[in-house]
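Take a look at the structure below.
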2 protein chains.
Amino acid sequence: MELFYCQNASDGVFTLNEEESAHCVRVLRHKAGETINVIDGSGTLYECELLDANPKGAACKVQVASSCFGVHPYRLTMAVCPTKNIDRYEWFTEKATEIGVDVIATVIGDHSERRTVKTDRLRRLVLSATKQSLKGALPEVPEPVSVKDFILSAPADAIKMICYCFEGEKRSIPEVLSSETPSVMYHQSTVMPDRSTVMPDQIGHLPEICILIGPEGDFSPAEAELAIAHGWKPVTLGSSRLRTETAAMVAVTQVYTCLGD
Amino acid sequence: MELFYCQNASDGVFTLNEEESAHCVRVLRHKAGETINVIDGSGTLYECELLDANPKGAACKVQVASSCFGVHPYRLTMAVCPTKNIDRYEWFTEKATEIGVDVIATVIGDHSERRTVKTDRLRRLVLSATKQSLKGALPEVPEPVSVKDFILSAPADAIKMICYCFEGEKRSIPEVLSSETPSVMYHQSTVMPDRSTVMPDQIGHLPEICILIGPEGDFSPAEAELAIAHGWKPVTLGSSRLRTETAAMVAVTQVYTCLGD
């Protein structure tokens, strides 16, 4: 199954951009009248009839729309400091998209050596991983903000966790999730609704989770204190010594395992 | 903390190879009389006194040996078909080593497009990830075998799981582990012994787990049937569509989360 991405339909007709059109018409040789699958990044899959096999702007008409295509039953924001070697960070964005994430927020910490990322490049990687892993919802990749601004702006009702190396009482992500979300109970008793039964109106009620992962030099004490003061729960990823991108990947996998279907 | 790797000590003296010696003496500028940390890959950390700062063959004498350095309380063999793009497979070997794995077995399936790997290169990556993540035990990287030979040669008393996309009854890895290993109960009641208390004589009694991950084209029906016939449990990694290396990484993380400390 091949997905094409197009942000807006007008009167039920999507007109693919040049890149998608060329792929559809030149590479995959689709002809007018054939059915192609389009996503608009909102979570809906559109089965469309190709009207005009124009390699510069292929137009297709929506036949069937199925909501919640490949969505997961939680909302996860991963706020991760960029790694010195950007390949490692880009790799994380691809893997997190495959497994299940809603927002990949680049945050810059007091100890971050790298203080910029190419957001457009990350968005392209995320789009290609979304299509490759057959998901209808495109994770957001906002512009970078400071760790402190992110801590202060996170939604009040989210389950907020910060992974740092400072000493002190910490729980694991599964421990926090099982104490904070009934969904984990569903999961354990395996009556978790499968994703196809997650309806749009439920999405607003899915557990909202934010996880902060620091840079190679960890968070500064000021950042950690600010997070704790604002209700962020300190969590541990276990006793292995993990690189930034590996820690972020383990956190995404733990949420997927606890709350996924 | 910097680790040096040297396979054999003679009379309590390690002589580092040329590469390790140059790194120790030329790059880190260690002098005779200083303390350096050496691993032999068996799980023991050796605090050593540098006797001879020879950049071609630095010799150091063991002062203190601590067993079970950075070990995890399970034995995990990941048998994974190599990916077409070898970078993805190499990336997996690094990540699995960081998180915790004991054997990374390359297996060649009936549907494998790639049928060879550079085992020496994988071993170098695994060694560097072992040192970087401060582990005393070096994961084994055996020469490739066929999926069928691997299925037949796996230890009888291991918990054996195969991830495939065929229809049928499947459990998740955490479900299988919690039904098969008392350790998971320890973990859930958080009285899991921390790694420093895992003594060598216990290692033989750690839960032994083997997980098989197929190629891009999945296992052949014959491979899947052979595995089931030999007591392998079919498992699902959830509803996300994961690439081979992502699936393998998720499996390693789930074992680490369920059985790790």
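Source: prediction; values computed, not measured. A note on names: the letters A, B, ... follow the listed sequences, proteins ahead of strands, and every chain is numbered from 1.
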>> Show, in sequence, the C-alpha distance, side-chain angles and deciding distance for A:Met249 and B:Met249, and conclude whether the side-chain contact (heavy atoms from CB on, under 4.5 Å) test is met.
In response: CA-CA 9 Å; A:Met249 186 45 218; B:Met249 183 52 212; 3.2 Å; yes
> Got A:Ser240 and B:Lys135 here, is their nearest side-chain heavy-atom distance under 4.5 Å?
Replying inline: yes
>> Within the 4.5 Å heavy-atom criterion, are B:Glu98 and A:Arg243 side-chain neighbours or not?
In response: yes
>> Return the OG1 to CD1 distance between A:Thr253 and B:Ile99, rounded to the nearest 0.5 Å.
In response: 7.5 Å
> If you count the non-hydrogen atoms of other residues, nucleotides and ligands that lie under 6.0 Å from CD in A:Glu113, is the total more than 12?
Replying inline: no
> Side chain, backbone, both or neither: which part of A:Arg171 has an atom under 4.5 Å from a heavy atom of chain B?
Replying inline: neither
> Rounded to the nearest 0.5 Å, how far does CH2 of A:Trp91 lie from CZ of B:Arg88?
Replying inline: 11.0 Å
>> Which residues pass the side chain to side chain contact (heavy atoms under 4.5 Å, CB included) test with B:Arg241, not counting sequence neighbours?
In response: A:Gln132, A:Leu134
